[in-house]
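This is a predicted model, so every value here is computed, not measured. As a basis for the values below, the full set of heavy atoms in this structure was taken, side chains included, without hydrogen atoms, waters or symmetry mates. Each residue takes its place number in the sequence, starting with 1.
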Amino acid sequence: MTVIGLTGGIASGKTTVAKYLSAHGFAVIDADIAARKAVEKGSNGLQQISEAFPGTLNEDGTLNRKLLGSIIFNDKEKREILNHIVHPIVRNIMDEEKDAALKQGKAVIMDIPLLYENHLEHTVDEVWVVYVPYYIQKSRLMERNNLSELEADARINSQMPMEDKRKKADVVIDNSDDLCALYQQLDSLIRKYASI
């Protein structure tokens, strides 16, 4: 079975695509969900974080994400320490879920927002990029998150440009039109993979 890496840019519609594919029989393994599992209360990951960053646990033993974020946001070294703890755990969680899905004979979607930024394209058979032009991405992000133009630009520009992702992709899913047009593209991809 094929392992597909699904990526895109912020506000490109990747979540909508992942939900649709999941509803049509693909096993969708979400990096963001795995990252939350990696640091849940009582986990080895959370233990390591609390040792590396004292005082980052709430009274109930959960991670104080806001405090940790403020510590690592402007400190590259501390961010690398955190990534060194969390990334291997996230990879293990995702690999276990992927192996279980493959044993069940399912096609697997690895939903990884920063797939190219973290050089993970070699871990999948092919990459599908959910693409929108910059101006659409920016207007959707401003509307969705109630951001100013400057704030939206800063968030978009913290990721690899969509045009670069589009050039690297094995499959480009163009989400610049309406949901009907998006679902038509996905239906043709689903048919293609159902016949493999």
Non-hydrogen side-chain atoms of Ile4 and Asp170 separated by less than 4.5 Å: no
Under 6.0 Å from the CD atom of Glu51, do we count more than 12 heavy atoms belonging to anything else shown? yes
Taking everything shown except Arg140 itself, do over 12 heavy atoms lie less than 6.0 Å from its CZ? yes
Ala169 versus Val129, closest heavy-atom pair with distance: CB-CG2, 3.5 Å
Using 0.5 Å steps for rounding, measure from the OG atom of Ser50 to the CG atom of Asn64. 12.5 Å
Hey, quick one: are Met162 and Leu141 part of the same hydrophobic cluster, counting side-chain heavy atoms closer than 4.5 Å, chains of contacts allowed? no
ring-ring contact (aromatic ring centres under 6.0 Å, His included) pairs touching residues 154-183, sequence neighbours excluded, are Tyr20-Tyr183
For the pair Phe53 and Leu67, evaluate side chain to side chain contact (heavy atoms under 4.5 Å, CB included) and give the outcome as yes or no after the intermediate values. CA-CA 10 Å; Phe53 303 97; Leu67 177 59; over 6 Å; no
Kindly say whether Asp60 contributes a backbone atom to a donor-acceptor pair with the side chain of Asn58 at under 3.5 angstrom? no
Calculate, to the nearest 0.5 Å, the distance between atoms CG and CG belonging to Leu182 and Asp177 respectively. 9.5 Å
Answer yes if Leu57 and Ile72 sit in the same cluster of Ile, Leu, Val, Met, Phe, Trp and Tyr residues linked by side chain heavy atoms under 4.5 Å apart, and no otherwise. yes
State, yes or no, whether a side-chain contact exists between Val86 and Ile49 at a heavy-atom distance under 4.5 Å. yes
Reported CG-to-OG1 distance for the pair Asp111 and Thr15, which is rounded to 0.5 angstrom: 6.5 Å
So which atom in Ala38 and which in Val90 form the shortest heavy-atom distance, rounded to 0.1 Å? CB-CG2, 4.0 Å
Main-chain N/O of Ile10 paired to Gln137 side chain as donor or acceptor, under 3.5 Å: yes
Heavy-atom pair with the smallest gap, counting every atom of Asn175 and Gly13: ND2-CA, 3.6 Å
Drop me the distance from Thr7's OG1 to Leu114's CG, to the nearest 0.5 angstrom. 7.0 Å
For Val127, which of Leu120, Val172, Leu115, Leu6 qualifies under side-chain contact (heavy atoms from CB on, under 4.5 Å)? Leu115
Checking the side chain of Gln185 only, and the main-chain atoms of Asp174 only, is there a donor and an acceptor separated by less than 3.5 Å? yes
Separation of Lys138 NZ from Ile156 CD1 (nearest 0.5 Å): 7.0 Å
Quick one: pull up CG in Asp30 and CZ in Arg36 and give me the separation to the nearest 0.5 Å. 7.0 Å
I want to check something: taking the side chain as every heavy atom from C-beta on, are Val3 and Met110 in contact at a cut-off of under 4.5 Å? yes
Heavy-atom side-chain contact between Arg65 and Val39 under 4.5 Å: yes
Less than 4.5 Å apart, any side-chain heavy atom of Tyr116 and any of Asp164? no
Donor-acceptor pair, side chain of Thr62 and main chain of Lys41, under 3.5 angstrom: no
Remaining members of Tyr135's ILVMFWY cluster at a side-chain heavy-atom cut-off under 4.5 Å? Val132, Ile136
Val130-Tyr134 co-clustered via ILVMFWY side chain contacts under 4.5 Å: no
Are Ile89 and Gln48 packed together at the side-chain level, in the sense that at least one heavy-atom pair is separated by less than 4.5 angstrom? yes
Pairs satisfying side chain to side chain donor-acceptor pair (under 3.5 Å), at least one member in residues 89-103, at least two apart: Lys37-Glu97
With a 4.0 Å cut-off, would you call Arg155 and Glu151 a salt bridge? no
Using a 6.0 Å cut-off, check whether atom CD of Glu143 has over 12 heavy atoms from anything other than its own residue. no
Side-chain heavy-atom pair Ile33, Ile93 within 4.5 angstrom cut-off: no
Look at Lys165 together with Glu117 and state whether they make a salt bridge at an N to O cut-off of under 4.0 Å. yes
